[in-house]
Amino acid sequence: MDVVQFSKEIRRNTLRCLHSQGSGHVGGSLSIADLLAVLYSKHMHVDPNDPRAEDRDKLVLSKGHAGPALYATLALKGFFPMEWLDTLNRLGTRLPSHVNINLTPGVDMTAGSLGQGLSCACGLALANRAKGSDRYVYVITGEGELQEGQNWEGAMFASAKHLDHLIVFVDSNKMQIDGLTKDVMDVEDLVAKFSAFGFETQRVNGHDHKALDEAIVRAKQSREHKPHCIVMDTVKGKGVSFYETMGPGVHSTTVTDEQYLAALEELK
Amino acid sequence: MEVRKEYAGELARLMQQNDKIYILDADLAGAGGTKALYAQFPDRCVNVGVAEANMVCVAVGLSASGFVPFVHSFAPFATRRVFDQIAVSVSYSEQNVKIVGFDPGVHTTYNGGTHMTFEDIACMRALCNVAVLDIVDGVQLRKALPYIVEYKGPMYIRFVRKQTDTLFDENYQFRFGKADKLREGADITIVASGTMLFDAVKACEQLAKKGIGADLLGIHTVKPLDEEAIVCSARKTGRVLTVENHSIHGGLYSAVTEVLSAQCPTLCDAVAVRDKLTQVGKLDDLKRDYGLTVDDIVTRAEKLVQSK
């Protein structure tokens, strides 16, 4: 499957997962689908048959509410049966709304209480260093999430300890629960902020597969001994017209039978 | 020897044997004693600066990679300040993080007020699967450390850094989850944790002179509690007094009465901090003000016995 098709399948199956519940975190799941497609087709060194392999790359989905997008990706990669996607949030499920390190094969860290993922990822990267591993640790945060102060404790730490095998993606979809991020609590200029915190920082269109891939390659080729940040300009609800234009309400919204069918039609 | 020196010394010994132990500090490595480890184990010690939330979560990443991380700070900053980090990233995520809190309760003395916690045990005890240790002296801590390292799961350990008094000698054996039976008596059960055990021992001697025999149970493991020992003793004496350097809400008194109310309803009382604000002061003055002295233990024990 090529990356474009993979990203469509991620979106289709993200909505399948959310549709099984009738609602959920639609917007922020769809906005990271292209990054997940690029990461899992070109960069993540992981084995679906051995999800806990010692020698693997790790992903911390710090914006843990986007779990359904990661679940769709992992199911498509063969980490677990596609049927699991229909069990979201049911009692005893392996797929909770927010990701859990112990429940889901392929999930490398619990997240959901925002702001903790970057610090946890720093610990993973520190452990890799102690073990002499050159595997990468990837983090996906939301731009709204960066309002949590702990992110900046983690950023300071990553840079002070030269965690250069740490790549942080900011899913800047410009919206948070209470409105536009710039109106609720503006977080920009993110490139300046991460650069000031000692990161090698890039800004790309988060829906441009080639740009994303090149940014990751550039980060990996760097010899600056700095952690990396790739700020992605994204659209919340990307890929489905009526979700793209819904406004901040798309953060958590319905996926009715009608919406699901209409979305699948757009994602052919 | 100071407890912190015993702690660092035993950690150094264990770190030589076990290359998975990892030390994290938040600008209190010197205060807590772990600074001595940095030169010997530079690849397994990290100071995160004044950033306790980050420290706990970095430890989570290390734990998820197979390390046994120990995080350190003053008791309030190791617990209540990072409660959500411990709740979500440690407890809920079932990570093997050891949380060390120095100078709990009245032992904060001149740093009291802001740095004093009477609710650390309550916070940690409320979290699923987090074990809680209230340490009395350096010997007990040293004997407990090999077990703490091997124990799989989150644990909170509170101790007093600079204390040099010891209750136990080299023959002491640490048994996780088990009470130390220090005295036998038929009239009352005294259950004491952490450094209050020193006071409880003295109180029992005074009570003996007054003809009151006390069963004295030393509790290092507040969670999981040695229910059997407590119920067994309560059945015998019919009166239970708990003694702790902590709030009456959510600590040893709560833990003991939760057990007794269900298994052996018994008249109880507590030597504990009764919903009073933290403050600065000398240790003796603080103990007097909060009602945590030997005399307080004796007085409350006598009243309990007389109410029979």
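Proteins get letters first, then strands, A, B, ... in listed order; numbering begins at 1 in each. The basis for the numbers below is simple: all heavy atoms, side chains too, and nothing from hydrogens, waters or symmetry mates.
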Can you tell me how far the [atom1] atom of [X] sits from the [atom2] atom of [Y], to the nearest 0.5 Å?
| X | Y | atom1 | atom2 | value |
| --- | --- | --- | --- | --- |
| Gln150(A) | Met55(B) | CD | CE | 11.0 Å |
| Asn102(A) | Gln95(B) | CG | CD | 6.5 Å |
| Lys161(A) | Asn47(B) | NZ | CG | 6.5 Å |
| Arg129(A) | Ser65(B) | CZ | OG | 13.5 Å |

Check: Leu126(A) and Tyr22(B) side chains under 4.5 Å, non-hydrogen atoms: yes
Among Leu62(B), Val60(B), Val58(B), Val48(B), the one residue meeting side-chain contact (heavy atoms from CB on, under 4.5 Å) with Cys122(A): Val58(B)
Nearest non-hydrogen partners of Glu153(A) and Glu52(B), listed with the distance: OE1-N, 4.3 Å
Residue pair Ser93(B) / Ile101(A): nearest heavy atoms and the distance that separates them: O-CG2, 3.8 Å
Most chain B-contacting option - heavy-atom pairs closer than 4.5 Å, from Ala125(A), Ala127(A), Gly149(A), Ala111(A): Ala127(A)
Region of Val56(B) that comes under 4.5 Å of a non-hydrogen atom in chain A: neither
Ala51(B) portion near chain A, given a 4.5 angstrom heavy-atom threshold: both
Please indicate whether [X] has more than 12 foreign heavy atoms, meaning atoms of other residues, nucleotides or ligands, lying under 6.0 Å from its [atom1].
| X | atom1 | value |
| --- | --- | --- |
| Lys5(B) | NZ | no |
| Lys162(B) | NZ | no |
| Leu103(A) | CG | yes |
| Glu54(A) | CD | no |
| Glu228(B) | CD | no |
| Arg81(B) | CZ | no |

Full working for side chain to side chain contact (heavy atoms under 4.5 Å, CB included) between Gln116(A) and Asp84(B): CA-CA 10 Å; Gln116(A) 299 183 22; Asp84(B) 188 60; 2.9 Å; yes
